[in-house]
S.K.: 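Dumping the structure here so I can ask a few things about it.
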Amino acid sequence: MDITKVRNIGIAAHIDAGKTTTSERILYYTGSNYKVGEVHEGTATMDWMEQERERGITITSAATTCAWKGFTINLIDTPGHVDFTVEVERSMRVLDGAVAVFCAVGGVEPQSETVWRQADKYHVPRVAFVNKMDRIGADFASVVKAMRERLGANAIPLQLPIGAEDDFAGVVDLIDQKALFFSGVLGQKPSEGTIPPELAMEAKQGRDNIIEALSDFSDDLMTLYLEGKPISSELIRKTLREAVISLKAVPVLCGSAFKNKCVEPLLDAVVEYLPSPVDLPPIKGFAPSEPEKELERHSNPEEPFTALAFKVAVDPFLGKLFFLRVYSGKLEKGNVVYNPTSGQRERIGRIMRMHSNKREDIDSMEAGMIVAVPSLKATKTGDTLCDEGNQIVLESLEFPEPVISLAVEPATQQDKVKLAKGLNALADEDPTFKVHNDEESGQTVISGMGELHLEIIVDRLKREFGVDVKVGNPQVSYREAIRKPAHAEGKYIRQSGGRGQYGHVVFDIEPIEDNKFEFVDKIVGGAIPKEFISAVEKGLEEAVQSGVLGGYPVIGVRVTLVDGSYHEVDSSEMAFKIAASMGFKEAMKKADPVLMEPVMKVEVVTPEDYVGDVIGDLSSRRGRIDGMNVRANARVIDAFVPLVGMFGYATDLRSKTSGRANYSMQFDHYEQTPAEVSEKILQGRI
């Protein structure tokens with residue numbers, strides 16, 4: 001396999017921008033599918049789950065492999081709905097490039113911004129595709145402008161649309177100065193033609209704009225430009241490729257995936273401008289025995305084997321299926337690898353190339369590949385697999401905390417075991433899905449990123465695991481915080497014949513901006529021996545999981561251990577753990593504790609006629625309007641609303657606007673709950 005001809009790309013965008021339709025056209029034109037799958041008909045290859053086909057949305061990222069003009073493209077189609085943003089996060093972590101799809105009417109939407117920031121976080125080069133040019137209100141220029149203003153992207157259009165809406169016929173290729181028209185039922189016959197006269201001036205200006213934008217990145221190009229000499233298309237493409245890989249430019253193309261127009265030029269742009277694994281810097285990690293020692297692995301089959309398990313899926317026939325991105329080395333089936341996180345060896349019995357939910361067995365995997373392997377015993381999402389003689393731990397994945405919970409219970413006693421099995425399997429698959437047992441009520445509580453997320457989980461329990469479940473009302477995941485510093489001590493002394501227990505700690509607690517827990521050790525003179533300090537930290541970590549107001553986790557607190565004492569014989573790790581926990585509860589009571597609630601960033605797109613009703617409704621939900629602007633022929637209302645006020649909002653918004661408005665929301669921050677609301681929550685009335 002020629003690694004320079006491999007492209008590991010993802011397709012990411014806001015919900016309903018046309019990601020899956022674009023993926024389906026790519027599979028068709030590359031010959032991976034003999035017929036085109038449609039999202040609205042429930043026949044899309046990449047939307048293989050029943051829930052995806054029924055709802056017409058993508059829930060889980062699907063991987064597939066296809067070929068284009070001698071290049072191998074490993075493609076991941078990611079979800080657009082914010083409840084499944086973890087699927088985008090972990091895909092971005094292992095991708096070399098991405099196609100960001102924008103709706104020609106909606107432009108840069110909230111989830112477009114989220115996936116863009118995720119790509120920024122993992123330094124993923126991008127090509128942009130403005131889709132749905134055939135829709136009423138399509139405006140290519142305004143989407144490019146929004147990309148520059150809202151995303152801070154150096155967006156460089158490589159095409160000009162020929163017509164728009166119903167008259168969209170093709171594009172002008174600005175680099176080569178030619179027109180491309182698409183005919184045939186599936187648009188599979190692109191034909192070159194002359195640029196329409198009315199676009200000739202604009203096309204010439206468009207090529208000059210590309211050269212001007214790229215002149216900062218190439219001395220050769222700059223010199224030719226300043227001297228007024230002709231500049232070859234090859235030099236433009238070479239310079240643009242370098243700018244894209246170094247994250248300094250984003251080429252913008254346009255088309256209509258649904259109408260089969262301009263997907264081939266997009267594929268050409270993917271292989272032309274997005275990087276191969278060897279074009280990117282080496283992956284960094286550290287030695288398991290020396291975390292401060294940085295190690296590197298290059299995309300080279302000759303280097304020691306290194307791979308990251310970025311996703312776990314439950315397969316009805318194979319059990320757990322682990323998706324791996326191979327960063328270096330080569331491995332054949334039957335070989336043994338090492339997991340430095342769990343300290344266990346894993347035997348690779350089968351290696352599979354994925355085509356959505358179908359599989360193709362292969363004999364080996366090497367640097368640059370994305371593959372799936374079943375039946376790993378001690379591996380979880382985010383773990384590294386490597387050569388035991390050359391150990392390395394790659395940076396793991398970070399996942400957001402759940403914001404909403406539901407109580408579930410089996411409908412019958414027979415379903416009890418099946419429920420536990422199903423919940424464990426789904427929790428392994430999805431790191432943002434959490435399960436715990438509420439000790440007070442004895443209920444099983446599931447937590448996730450939103451109502452839709454938990455609705456899908458419950459649906460999968462019924463269909464995939466055959467569990468009939470009863471579901472309680474949604475519950476918000478509140479937090480507790482403190483408003484002022486406090487000083488406290490915890491003392492745990494037990495004497496009951498023989499050896500006793502003795503632990504004594506003194507610490508200060510204070511609020512901090514970050515929503516995390518910080519521990520600072522300021523013990524001097526050996527007041528508490530070193531071996532007991534970690535026990536104190538563990539005791540505090542457990543204590544912050546349950547605050548003093550309603551037993552909710554505590555956020556935004558720093559604990560500084562300043563003093564304490566120990567007993568030569570009676571002191572133990574357990575005694576110091578308990579002392580720390582007791583002291584923390586005491587300190588919390590003195591530090592003016594308050595309840596914090598998750599606040600969502602909400603964007604509502606509504607026709608002008610309903611703006612007043614929508615704003616009034618958001619205000620009644622304790623929403624705070626943050627701004628309002630115009631997009632195409634609709635109004636966009638930005639607001640911050642507590643999550644508790646958003647339950648059932650989809651139904652209410654539909655009825656208030658005759659189904660003409662839509663909204664999206666994502667978690668933004670925690671905020672102090674008003675006193676009267678806090679009182680109701682703690683009394684169990686909300």
Side-chain angles (χ1 to χ4, degrees), residues 13-17 57 80-83 85 102-114 116-117 135-137 139 142-143 145-146 149-151 403-404 449-453 455 473-478 595-681 685-686:
H14 185 85
I15 192 167
D16 216 21
I57 62 168
H81 198 287
V82 70
D83 282 16
T85 190
F102 298 90
C103 172
V105 181
V108 176
E109 297 171 280
Q111 193 64 5
S112 314
E113 293 189 52
T114 304
W116 197 266
R117 305 285 170 242
R135 275 188 56 193
I136 293 171
D139 189 338
S142 75
V143 179
K145 186 182 175 197
E149 290 175 356
R150 291 183 65 177
L151 303 175
V403 294
I404 183 170
M449 301 306 297
E451 282 184 281
L452 179 62
H453 187 195
E455 191 184 313
N473 291 325
Q475 299 294 317
V476 175
S477 294
Y478 293 101
L595 205 60
M596 308 287 280
E597 63 183 350
V599 174
M600 313 304 281
K601 188 171 194 253
V602 179
E603 183 187 270
V604 185
V605 181
T606 176
E608 179 85 48
D609 307 354
Y610 304 106
V611 168
D613 290 343
V614 170
I615 289 176
D617 187 42
L618 288 170
S619 300
S620 72
R621 296 167 187 270
R622 291 195 287 124
R624 188 173 74 249
I625 306 302
D626 188 49
M628 194 159 55
N629 52 61
V630 178
R631 185 185 298 159
N633 53 357
R635 283 297 183 104
V636 181
I637 301 162
D638 292 310
F640 292 101
V641 190
L643 174 61
V644 70
M646 292 303 293
F647 291 147
Y649 184 62
T651 309
D652 289 352
L653 182 66
R654 268 198 296 269
S655 65
K656 278 188 167 54
T657 62
S658 306
R660 292 176 62 199
N662 59 64
Y663 81 102
S664 62
M665 70 173 185
Q666 61 193 79
F667 170 71
D668 193 78
H669 64 280
Y670 277 96
E671 203 171 88
Q672 187 180 328
T673 312
E676 67 278 9
V677 178
S678 185
E679 200 176 308
K680 286 180 186 171
I681 292 162
R685 291 188 312 205
I686 289 186

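Atoms considered below: every heavy atom in the structure, side chains included; atoms not considered: hydrogens, waters and symmetry mates. Count residues from 1 along the sequence.
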S.K.: Would Val630 and Arg635 count as a side chain to side chain contact (heavy atoms under 4.5 Å, CB included) here? Give the steps.
M.R.: CA-CA 5 Å; Val630 178; Arg635 283 297 183 104; 3.8 Å; yes
S.K.: Hey, does Met646 have a side-chain heavy atom less than 4.5 Å from the side chain of Tyr663?
M.R.: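 Yes, close enough: below the 4.5 Å cut-off.
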S.K.: Within the 4.5 Å heavy-atom criterion, are Val636 and Met628 side-chain neighbours or not?
M.R.: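 A side-chain contact under 4.5 Å is absent here.
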S.K.: Is the closest side-chain heavy-atom distance between Arg621 and Val602 below 4.5 Å?
M.R.: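 The answer is no, as the side chains (C-beta and beyond) never meet within the 4.5 Å cut-off.
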S.K.: Taking all non-hydrogen atoms of both residues into account, name the closest pair between Val641 and Gly623 and its distance.
M.R.: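 In terms of heavy atoms, the two residues are closest at CG2-CA, 3.9 Å.
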S.K.: List the atom of Ile136, the atom of Val105, and the distance in Å for their closest heavy-atom pair.
M.R.: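 It is O-CG2, 3.4 Å.
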S.K.: Taking the six-membered ring for Trp, are Trp116 and Phe102 parallel (under 30°), tilted (30 to 60°) or perpendicular (over 60°)?
M.R.: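 Aromatic pair Trp116/Phe102 classed tilted.
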S.K.: Please give me the minimum heavy-atom distance between Arg117 and Arg150, naming the atom from each residue.
M.R.: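 Smallest interatomic distance, heavy atoms only, reads NH2-O, 3.1 Å.
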S.K.: First locate atom CE of Met600, then atom CG of Asp668, and finally report the distance between them rounded to the nearest 0.5 Å.
M.R.: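 With rounding to 0.5 Å, CE (Met600) is 9.0 Å from CG (Asp668).
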S.K.: Which residue, Ile637, Val604, Thr657, forms the side chain to side chain contact (heavy atoms under 4.5 Å, CB included) with Val611?
M.R.: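 Passing option: Ile637.
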S.K.: Indicate the atoms forming the closest heavy-atom contact of Ser477 with Pro598, along with that distance.
M.R.: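 Of all heavy-atom pairs spanning Ser477 and Pro598, the closest is O-CD, 3.7 Å.
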S.K.: Quick one, Lys601 and Phe640 - any side-chain contact, counting heavy atoms below 4.5 Å?
M.R.: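 Yes, close enough: below the 4.5 Å cut-off.
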S.K.: Please give me the minimum heavy-atom distance between Gly107 and Val143, naming the atom from each residue.
M.R.: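 Here Gly107 and Val143 meet closest at CA-CG2, 4.0 Å.
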S.K.: Looking only at atom types and distance, does a side-chain atom of Ser678 sit under 3.5 Å from a main-chain N or O of Ala675, one as donor and one as acceptor?
M.R.: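 Here the side-chain-to-backbone pair does not exist.
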S.K.: Side chain to side chain contact (heavy atoms under 4.5 Å, CB included), that's the test. Do Arg135 and Cys103 meet it? Break it down for me.
M.R.: CA-CA 9 Å; Arg135 275 188 56 193; Cys103 172; 3.7 Å; yes
S.K.: Are the side chains of Phe667 and Leu643 in touch, meaning some heavy atoms are under 4.5 Å apart?
M.R.: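 Side-chain contact under 4.5 Å: no.
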S.K.: Quick one: do Arg622 and Glu597 satisfy salt bridge (charged side-chain N to carboxylate O under 4.0 Å, His left out)? Show the steps, please.
M.R.: CA-CA 12 Å; Arg622 291 195 287 124; Glu597 63 183 350; 2.7 Å; yes
